Amino acid sequence: MGDRIFIGVAWPYADGPLHLGHIAGAYLPSDIFARYHRTKGNEVLMVSGSDQHGTPITIKAEQEGKKPEEIANQYHQQFLDSWQKLGISFDLFTSTGTANHAEVSHDFFLTLFNRGYIYKATVSQPFCPHCQRFLTDRYIEGTCPYCYSSGARGDQCDKCGKPISPVELIDPHCQLCATTPQFKDSEHFFFRLSAFRDRLLVWMKRQTHWRQNVLNFTMRYVEEGLKDRAITRDIGWGIPVPLDGFKGKCLYVWFEAVIGYLSATKEWAKSSRDEGKWRSFWQGNEAKSYYFIGKDNIIFHTIIWPAMLMGYDSLNLPYDIPANEFLTIEGKKLSTSRHWAVWLPDYLSRYEPDPLRYLLSITMPETGDTDFSWHEFVRRNNDELVATYGNLVHRVLTFVYRSFEGCVPMPREFDSRSQAVIDVAKDTLNTVDKLLYRCHFREALRSAMSLAQETNRYLEEKSPWKAIKQDRQASANSLYVAICVISCLKTMLYPFLPFSSQKLHEYLGFEGRVEDDGWQLHFPLPGQKLLPPEPLFSKLDEGLIEEEVSRLGHVKHNL
RNA sequence: CGCGGGGUGGAGCAGUGGAAGCUCGUUGGGCUCAUAACCCAAAGGUCGUUGGUUCGAAUCCAACCCCCGCUACCA
């Protein structure tokens, strides 16, 4: 019954806390999407996990005198805590450190290897004589051979966006100590990406539903030509190459981490005691797979992962990759080392989750970068969330609770105006449905908010607080209508504001979870007992703006 | 220099050929159920500049001006 929706979300790197950029870019939109589909009655599987391997974690571990797994586990636990508090509803949030993931990665590697899509080659690798280690791509810097800008890294030039390999770099040096590296021969494995060019092109041209920026970026990339890429590194912290004679070499993260989508599904299936269940999300025509990522991750999900899947064969390709752009903070680019970021655990220690979810949804960087500012946070909370929606709910519920013995009033008949409002509610529910289906989150939320405004207008016209003095039934009628619309709002806002929707659900006298009632206008029964209403949201003091802004830039985070 | 992203009423933004929109703010009025919240009305824009294409341009083309990013970490 219904569709089957696989939702893969970018794997956060476990070497530091999450910040608002992560949330706006991938985790919030995926969660909205997942909650929406679950409410629609579709079968959803939303997975991700912490990315625990790679050089940055080993270096951080060395600095702090810990083992890499300690660092990784510490942040993994923190991620889990953040998901729970912010309401990011993963069906499974695992990590790349599991035996299962290693097993699935090995299978993937060996399958591609046996089919000739992975081959061995000896390459000259940069080795820093001072640090006594091979330098992985991102630890070597130099001048880009294409655009001649300095500061290009060994895997990619941030200036022109071209992928490069360390040997191509002009004037290379170790990023840690600036020593010029020596190049030593080392045997590595390469993924034959070039072999997939034509198939990828054919496939992509059919993806007309992709976001324009995702499609353009990807097409340009493929047309420029795809080069085979090394998928192993001389590093001890990771998933070992599953062949004899390659001690000290591991799978490179970009190859390994994306396999996590599959391994997480298999882990989920195992833990639900139906090992074969993973197939229902990866094979056949019944499931669609969506990947929520930031724009920096596009090619890995639109080119490399699809090519890997083509090579592996018999697994579904992505259906959509609604990549978001970036979030700036107070008008400036986010920077973790300069502490120019809003850390999620920090936010959650002081504020409620729904106001943040509201702000990031209504300003989601879907088509371009957007800015987060504390001033906007307070304004949108106070003047929109509280004033328009929260107040609507509160004025209706408190009045009904007081005037109708705490029960849903009994309506007699709807006049045309009342019927029209009900119709608008249903239309809006339908509009939000369509917008969410297409991952237009901002627009969907705007539509929902406009229904709250329309309902405030309706109330003003009906003025049940006046009517009750002469015509109690007229008052009951309009209040019943208002309650119905509020019930409808609770459903369409649930993907965005799950905590307050659930509260409202209960205030209205419903039991169970919002999600279980489906994507429909759920009419409360006349006489249904209401819970004593409390405001759904609170106004925020404008003083916090200055306080929070002053934390930026020079506050050390111990997170 | 170059590359990328932008310049739309006070603020933040939507709007890729056909009568300038949204949210907030401001001003005036209404209401008093509600978290001084809600509702109505009004003011406020030569859509960065100049030229071009077109019956018609914020929307397409060209040139120019201005802003932001392009420093490791960073979605």
Side-chain angles (χ1 to χ4, degrees), chain A residues 9-13 15-16 18-27 56 59-60 138-139 141 144 146-153 157-162 175-176 212-213 292-298 323-329 331-341 362-363 365-371 373 375-376 379-403 442-443 445-447 449-450 452-468 475 478-479 482 533-540:
Chain A
V9 197
W11 291 52
Y13 199 61
D15 72 338
L18 296 158
H19 55 62
L20 262 39
H22 294 106
I23 306 307
Y27 304 103
I59 288 178
K60 181 155 182 143
R138 44 200 310 159
Y139 280 89
E141 283 184 341
C144 174
Y146 297 101
C147 70
Y148 301 102
S149 60
S150 60
R153 279 175 289 135
C157 174
D158 286 337
K159 303 273 163 53
C160 63
K162 287 219 168 75
Q175 194 217 301
L176 299 171
Q212 200 59 49
N213 53 341
F292 286 85
I293 55 169
K295 67 175 167 187
D296 60 313
N297 243 328
I298 289 176
N324 272 350
E325 307 264 325
F326 286 164
L327 197 69
T328 54
I329 303 292
K332 285 196 238 172
K333 195 189 164 186
L334 190 146
S335 163
T336 59
S337 63
R338 288 177 182 167
H339 311 297
W340 197 261
I362 201 87
T363 61
E366 289 171 36
T367 54
D369 293 356
T370 57
D371 185 51
S373 77
H375 182 265
E376 275 291 286
R379 185 189 74 69
R380 295 205 109 115
N381 178 75
N382 291 359
D383 300 336
E384 294 181 16
L385 193 56
V386 171
T388 304
Y389 174 52
N391 181 52
L392 167 69
V393 169
H394 197 236
R395 68 196 294 211
V396 170
L397 292 187
T398 51
F399 189 68
V400 169
Y401 194 80
R402 225 182 302 119
S403 307
R442 274 190 315 206
E443 198 55 33
L445 183 50
R446 265 183 222 135
S447 296
M449 290 302 283
S450 74
Q453 291 182 309
E454 172 61 18
T455 312
N456 275 319
R457 232 170 275 137
Y458 169 79
L459 278 176
E460 207 63 32
E461 286 171 38
K462 292 293 181 185
S463 301
W465 47 91
K466 258 190 230 169
I468 199 165
S475 182
S478 57
L479 286 168
E534 302 274 338
L536 286 182
F537 313 101
S538 303
K539 278 201 154 196
L540 292 166

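Chain letters run A, B, ... following the sequence lines, proteins first, then strands; residues in each count from 1. Predicted model, so just to flag it, every value in this text is computed and none were measured.
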Nearest-Å distance for atom pair [atom1]/[atom2], residues [X] and [N]:
{"X": "A/Asn382", "N": "B/C38", "atom1": "CG", "atom2": "P", "answer": "11 Å"}
{"X": "A/Met449", "N": "B/C38", "atom1": "CE", "atom2": "P", "answer": "10 Å"}
{"X": "A/Ile468", "N": "B/U32", "atom1": "CD1", "atom2": "P", "answer": "14 Å"}
{"X": "A/Glu443", "N": "B/C22", "atom1": "CD", "atom2": "C1'", "answer": "9 Å"}
{"X": "A/Lys332", "N": "B/C74", "atom1": "NZ", "atom2": "P", "answer": "20 Å"}

Pick base, sugar-phosphate or nothing for [X], based on heavy-atom distances below 4.0 Å to the nucleic acid.
{"X": "A/Ala10", "value": "nothing"}
{"X": "A/Lys466", "value": "sugar-phosphate"}
{"X": "A/His19", "value": "base"}
{"X": "A/His394", "value": "base"}
{"X": "A/Leu536", "value": "base"}
{"X": "A/Gly21", "value": "base"}
{"X": "A/Leu479", "value": "nothing"}
{"X": "A/Ser335", "value": "base"}

### Query
Does A/Glu366 use its side chain to pair, donor to acceptor, with the backbone of A/Asn324 at less than 3.5 Å?
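Pair absent, no side-chain N/O of A/Glu366 close to backbone of A/Asn324.
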
[N]: pairing nucleotide in any strand, Watson-Crick or G-U under 3.5 angstrom:
{"N": "B/C38", "answer": "B/G30"}
{"N": "B/C47", "answer": "none"}
{"N": "B/A14", "answer": "none"}
{"N": "B/A20", "answer": "none"}
{"N": "B/G4", "answer": "B/C68"}

State which of [options] makes the closest approach to the side chain of [X].
{"X": "A/Ala387", "options": "B/C24, B/C33, B/A37", "result": "B/A37"}
{"X": "A/Lys333", "options": "B/C33, B/C24, B/G69", "result": "B/G69"}
{"X": "A/Asp15", "options": "B/C31, B/C38, B/C74", "result": "B/C74"}
{"X": "A/His22", "options": "B/U32, B/C73, B/C74", "result": "B/C74"}
{"X": "A/Asn391", "options": "B/U23, B/U71, B/A34", "result": "B/A34"}

### Query
Distance between the C1' atoms of B/G7 and B/C73, in whole angstroms?
30 Å

### Side-chain N,O (A/Lys539) to OP1/OP2 (B/A37) below 4.0 Å
yes

### Query
Parallel, tilted or perpendicular for A/Trp465 and A/Phe399, by the 30°/60° rule?
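Taking A/Phe399 first and then A/Trp465, their aromatic rings stand perpendicular (interplane angle over 60°).
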
### Query
Does a donor on one side chain and an acceptor on the other come within less than 3.5 Å for A/Thr328 and A/Asp371?
yes

### Query
Should the pair A/Glu460-A/Arg457 be classified as a salt bridge under the 4.0 Å nitrogen-to-oxygen rule?
no

### For A/Arg402, side-chain hydrogen bond (donor to acceptor under 3.5 Å, both in side chains) partners two or more places apart
none

Tabulate protein N/O versus nucleotide N/O from nucleotides 39-42 of chain B, keeping only pairs under 3.5 Å, one per line.
| residue | atom | partner | partner atom | Å |
| --- | --- | --- | --- | --- |
| B/C40 | OP1 | A/Arg457 | NE | 2.9 |

### Query
Cation over ring, A/Lys295 on A/Phe326, under 6.0 Å and within 45°?
yes

### Task
Establish, yes or no, whether the cationic atom of A/Lys332 lies under 6.0 Å from the six-membered ring centre of A/Trp340 and within 45° of the ring axis.
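Yes, A/Lys332 lies over the aromatic ring of A/Trp340.
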
### Message
For B/C73, does the base pair up with any side-chain atom of A/Thr336 as donor and acceptor (N or O, under 3.5 Å, distance only)?
### Response
yes

### Task
For A/Asp383 and for A/Gly294, locate the closest nucleotide of RNA chain B by heavy-atom distance; then report the residue assigned to the nucleotide nearer the 5' terminus.
A/Asp383

### Query
Starting at the 5' end of RNA chain B, which residue's closest nucleotide do you reach first, A/Gly368 or A/Arg402?
A/Gly368

### Query
For A/Phe399 and B/C33, do the ring centres fall under 5.5 Å apart while the planes stay under 30° apart?
no

